[in-house]
Amino acid sequence: MTVPNVVIVGAGLSGAVLARELADRGIRCLVVDRKSHVAGNCYTRLDVDTGIMEHVYGAHVFNTDNETIWSYIQRFCTMGAFINRVKVDLPSGVYSFPINLHTINQFFGLRLNPTEARAFLAAKGDSSIVEPKSFEEQALRFVGPELYRAFFYGYTKKQWGCEPSQLPASILKRVPIRFNYDDRYYSGRFQGIPKEGYTVAVERILDHPHISVKLDTTWEEAMRDEFDYIFYTGALDAFYGFRCGRLGYRTVYWNKISASGDFQGNAVLNYPSIDVPHTRICEHKHFTPWESHERTIAFVEFSKETGPEDIPYYPKRLAPDLETLTQYQALARSEDNVFFLGRLATYRYLDMHVVIDEALRLAQRFLQWRRGDVTERPVFASEL
Ligand code: UDP
């Protein structure tokens, strides 16, 4: 078999994992990224003034139930023990979150046990909603109006810039509801943050004699002819020059606070109240409890619509977006040598472990297809 000329557009987690899988099987890859660093949105660096690990594009906590993926990432980094425990700041007080037995008892001033709490919330929930179709219906069905208004309505409206009744139920399904005192944000068995940060982990994934990385390099249509295979991890609409219109994304931005001591006593405090403009505040030194720092940095997070110059973060996936997406997917399927993977190229809200899993699957399927073991060409990593 001839040696193919492969380019991977994007040096984030998906591009890096894919490059490594191909490189480990003898395929040389060029990885290009328009940013001046690798690791995409999970990029971390040390804050120059404090030495605190800064999650430059927002806090990322690695969490998964998948032992294979947990082992995979630990080939490239040592995971520091961190369990995310989020608090919610409301006008009436500070509550445990995600909603658990403590939250229910705090919020309603009760002392329910798990069985009683389950019955209590079942009575609050709207059982006439059999199959919740929106975020709002999902909330009203499972937590009832009071908890929905207090914990979800304002946060979601600020975060997504639209009514929760327009959003899919899948967004709320990311957040568990528990009838015990387990206040971990994520339910996954394995959680942590790389001790040296995500950037070092991604650099190690890319550290292979068959991989070369070119930063500050924007992918352009004219570069297509130089390669036999293109693996694209950028925004799908951008790949096609927005010719079918723009897919909707929310972007986030931060006000940085520097202070001495402890700013808020926890890594994450959420602010669901509609009267407060920000959604949450993350104090980054609390993500590395194995370190100690006298000073602190905290980031007040705001959300807004993504303009042409902004970094796209959260795919909105409203009804018009899904129509536009179908058009771009048809274009993608008509290609014969382009493959799409990762959050932006598949236009989905993805956790890091899913990104890794899909990149591994795509690499495997691509190799099978090249060998002729499967006839159908993989197009989107999300479909394998
Ligand atoms: N959410 C909310 N209140 C909160 C936290 C989350 O309403 O205090 C909703 C909100 O719509 C958010 C979704 O739950 O977009 C998923 O939250 P997650 O923490 O997974 O968001 P991420 O950390 O990925 O931004």
Donor-acceptor check, side chain of [X] to backbone of [Y], threshold 3.5 angstrom: yes or no?
X	Y	value
Glu283	Gln264	yes
Asp24	Glu21	no
Asn180	Arg178	no
Thr217	Leu215	yes
Gln159	Tyr155	no
Asp237	Phe242	no
Thr218	Arg34	no
Arg343	Ser14	no
Thr251	Lys304	no
Asn5	Asp228	no

[X] [atom1]: over 12 foreign heavy atoms closer than 6.0 Å:
X	atom1	answer
Glu226	CD	yes
Arg361	CZ	no
Arg333	CZ	yes

Could you check, using the six-membered ring where one of them is a Trp, whether Tyr328 and Tyr347 have ring centers closer than 6.0 angstrom? no

(Q) Under 6.0 Å between ring centres: does that hold for Phe190 and Trp70? (A) yes

Going by heavy atoms in the side chains, are [X] and [Y] under 4.5 Å from each other?
X	Y	answer
Asn105	Tyr181	yes
Ile27	Leu367	yes
Arg348	Arg317	yes
Phe97	Pro272	no
Arg25	Phe366	no
Val252	Tyr314	yes
Tyr185	Pro98	yes
Gln191	Arg184	yes

Open item on the list: Ring-plane angle category for Trp219 and Phe227, please: parallel below 30°, perpendicular beyond 60°, tilted otherwise.
Closed with: tilted

Are [X] and [Y] grouped together when hydrophobic residues (ILVMFWY) are joined by side-chain heavy atoms under 4.5 angstrom apart?
X	Y	result
Ile52	Tyr43	yes
Val9	Val338	yes
Leu350	Tyr72	yes
Tyr349	Met352	yes
Ile311	Phe302	no

Heavy-atom closest pair, residues [X] and [Y]:
X	Y	result
Pro194	Trp290	O-CZ2, 4.3 Å
Lys316	Leu167	O-CD2, 4.4 Å
Ala332	Phe340	CB-CE1, 3.4 Å
Trp160	Pro315	CZ3-O, 3.3 Å
Ile211	Ile205	CD1-O, 4.0 Å
Ala238	Tyr232	CB-OH, 4.0 Å

Working to the nearest 0.5 Å, report the span between [atom1] of [X] and [atom2] of [Y].
X	Y	atom1	atom2	value
Thr346	Glu358	OG1	CD	6.0 Å
Gln106	Ile99	CD	CD1	11.0 Å
Glu54	Leu46	CD	CG	9.5 Å
Asp262	Lys285	CG	NZ	5.5 Å
Ile69	Leu360	CD1	CG	5.0 Å
Met53	Ile193	CE	CD1	7.0 Å

Distance under 6.0 Å and angle within 45° of ring axis: Arg243 vs Tyr240
no

Q. Can a cation-pi geometry be assigned to Lys35 and Tyr57, taking NZ or CZ under 6.0 Å from the six-membered ring centre and within 45° of the ring axis?
A. yes

Q | Phe263/Leu269 under side chain to side chain contact (heavy atoms under 4.5 Å, CB included): CA gap, chis, key distance, verdict | A | CA-CA 11 Å; Phe263 179 73; Leu269 249 74; over 6 Å; no

Test item: side-chain donor near acceptor, His353 and Thr64, under 3.5 Å
yes

key: Distance-only side-chain donor-acceptor flag, Arg295 / Thr50, under 3.5 Å   = no

Exercise. Show the numbers, then the answer: is there a side chain to side chain contact (heavy atoms under 4.5 Å, CB included) between Phe151 and Val175?
Key: CA-CA 11 Å; Phe151 290 89; Val175 185; over 6 Å; no

Per ring pair (Phe, Tyr, Trp, His ring centres under 6.0 Å), Phe339 is matched among Phe231, Phe380, Phe239 by Phe231

Side chain to side chain contact (heavy atoms under 4.5 Å, CB included) assessment of Arg204 paired with Val200
CA-CA 6 Å; Arg204 289 197 190 127; Val200 174; 3.5 Å; yes

Applying salt bridge (charged side-chain N to carboxylate O under 4.0 Å, His left out) to Glu323 and not counting sequence neighbours gives none

### Task
Would you please test Ile171 and Thr156 for side chain to side chain contact (heavy atoms under 4.5 Å, CB included) and show each step?
CA-CA 9 Å; Ile171 296 179; Thr156 301; 5.8 Å; no

| Would you call Lys256 and Asp47 a salt bridge, using N to O less than 4.0 angstrom? | yes

Review point. Is it true that Glu335 and Arg377 have a side-chain N and a carboxylate O under 4.0 angstrom from each other?
Key: no

Show me the side-chain donor-acceptor pairs of residues 75-95 shorter than 3.5 Å, one per line, residues at least two apart or across chains.
{"from": "Arg85", "atom 1": "NH1", "to": "Asp183", "atom 2": "OD1", "distance (Å)": "2.5"}
{"from": "Ser92", "atom 1": "OG", "to": "Tyr95", "atom 2": "OH", "distance (Å)": "2.8"}

Side chain to side chain contact (heavy atoms under 4.5 Å, CB included) with Thr44: of Glu196, His284, His60, His55, only one passes, and it is His55

